[in-house]
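Note on naming: letters A, B, ... go to the chains in the order of the sequence lines (proteins, then strands), and numbering restarts at 1 for each one.
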Number of protein chains: 2
Amino acid sequence: MERYGPACAAIAALLSPHAEVVLHDPDEDVVLAVWNPFSGREAGDPSLLGELDEVRPGPDGVFGPYPKVLADGRTLSSVTAMLRDPDAVLCVNLDRGPFEQAAALLAAFAAPVAPRPEPLFEHDWFDRVNEVVGSSVRLRGPVERWGKPDRLAVLSELDSSGVFAVRRAAPEVARALKVSRSTVYALLAEVRGEKP
Amino acid sequence: MERYGPACAAIAALLSPHAEVVLHDPDEDVVLAVWNPFSGREAGDPSLLGELDEVRPGPDGVFGPYPKVLADGRTLSSVTAMLRDPDAVLCVNLDRGPFEQAAALLAAFAAPVAPRPEPLFEHDWFDRVNEVVGSSVRLRGPVERWGKPDRLAVLSELDSSGVFAVRRAAPEVARALKVSRSTVYALLAEVRGEKP
DNA sequence: TCCGAGTTGGACGTAGTGTCCAGAGCGTGG
DNA sequence: CCACGCTCTGGACACTACGTCCAACTCGGA
């Protein structure tokens, strides 16, 4: 528990919220701990490791992956590892549902067309400014008619997107918002001063 | 290794072929073993765990999940767990690409009227430098051993990603590449002078 | 040993940043 | 109608960070 806890937490964190990690004590046949539980089991419950009888261990003492079905119908993929010294049984249950759905969609829709080369990255911060401002224009009307709250909202969004870490961003934002550079900094100070 | 091997194999098996599990020896700073390798590293390579310095450990001694980018452009989610007695570092790298594609499709079809509520792209240009450099380290070895061509290649990649449009990027790159700021500009001029 | 390629730290001029303020514009209430 | 408060403005300013340049240094090869 002391020893394997971090590893279990790591697995649970990596796959959250789609994986449940269960650590068993094979000697006492009880559940020691559960990370990110969704099967309803909790620490102290009986392990019921008998189901492993029907599965053959592979090399490395790993059982599975083998399928499971939860009471609510969710399908899982599970693997179990026998850990030694101290003895423990590590069981990872992965909710296969989201991936099955995604796979089905991909198979149905993505098969004929190009496999999406890679979006790469945005070095068009200039465009992003116009993009954010533009979408706000659709909500709030023309930029010239905006009030202070509108500007604050948009600036807050731009700021938390890290736009202002880019060189020449502030003047560009001022231009897009049809305000002066001074105002941008003033409003920015206001936005930042009230959050942290 | 004897002790953690089964757990590592279990994780690798569960997520195969999309996850790579690396077990490090923090004392010797070497890779002890790799399950389902796809980043090119293998047992005996230096660990280069320095990149963890920039990540905060959560509770349970787990780092991450934090993003990484491979040299070929694949995006990864990684978690790292510090294991004690015996000391070891467990690192799981999950190829996020398939999930991102699936998620994008699901989002596109499940929300037909999505007004793009949150673009929220990478505001971690700082991290991107370390990602690019880090993934190159895996291909080319430790940064101290690089020659000029290696630096040129990495700088070219960083430059075309627009990294240098960000404030304080140049000194940060210099730090990551273990060269002086002057050299960064010199090499950068070379990279830029031969392309356009 | 000398040479040249490459790197370095420092110096320096400049672009761009962030702050400040006096004043203009404007709606509101007296 | 004026006075007041609120907001934006344009310019001034100090300052940070950028990008360039150069003399000095290191290091491997002729």
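- In this structure, the CZ atom of R168(B) is 9 Å from the C1' atom of dT16(D), given to the nearest Å.
- One atom, CG of D159(B), and another, C1' of dG19(D), lie 14 Å apart when rounded to the nearest Å.
- Under the 4.5 Å side-chain criterion, counting only non-hydrogen atoms from C-beta, C8(B) is in contact with L90(B).
- Here the side chain of Y4(A) pairs no donor or acceptor atom with the backbone of L83(A) at under 3.5 angstrom.
- Considering only residues two or more places apart in sequence or on other chains, R3(B) meets the salt bridge (charged side-chain N to carboxylate O under 4.0 Å, His left out) condition with D85(A).
- At whole-Å resolution of the value, CG in L188(B) and C1' in dT20(D) are 13 Å apart.
- A donor-acceptor pair is defined here as one N or O able to donate and one able to accept, closer than 3.5 Å; such a pair exists between the side chain of N36(B) and the backbone of A19(B).
- Exactly one of V173(B), L158(B), D159(B), L152(B) qualifies for a side chain to side chain contact (heavy atoms under 4.5 Å, CB included) with L188(B). That residue is D159(B).
- At whole-Å resolution of the value, CD in E172(B) and P in dT16(D) are 20 Å apart.
- Residue Y185(B) has a polar side-chain atom (N or O) positioned under 4.0 Å from OP1 or OP2 of dG19(D).
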Could you list the protein-to-nucleotides 26-30 of chain D atom pairs, N/O on both sides, closer than 3.5 Å?
none

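- Rounded to the nearest 0.5 angstrom, M82(B) CE and R84(B) CZ are separated by 6.5 Å.
- With sequence neighbours excluded, the residues forming a side-chain contact (heavy atoms from CB on, under 4.5 Å) with S182(A) are S180(A), listed by chain and number.
- Checking side-chain atoms of T183(A) against main-chain N and O of V179(A) turns up no donor-acceptor pair under 3.5 Å.
- Rounded to the nearest 0.5 angstrom, L94(B) CG and I11(B) CD1 are separated by 11.5 Å.
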Using a 4.0 Å cut-off on protein heavy atoms (strictly under), produce a 5'-to-3' string for nucleotides 5-11 of chain D with B for base contact, S for backbone-only sugar-phosphate contact, and - for none.
-> --SSBBB

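- Interface limits on DNA chain C: the 5'-most and 3'-most nucleotides within less than 4.0 Å of chain A heavy atoms are dG16(C) to dC20(C).
- A side chain to side chain contact (heavy atoms under 4.5 Å, CB included) with D25(B) holds for exactly one of D87(B), V31(B), L32(B); it is L32(B).
- The shortest side-chain heavy-atom distance between V89(A) and L23(A) does not fall under the 4.5 Å cut-off.
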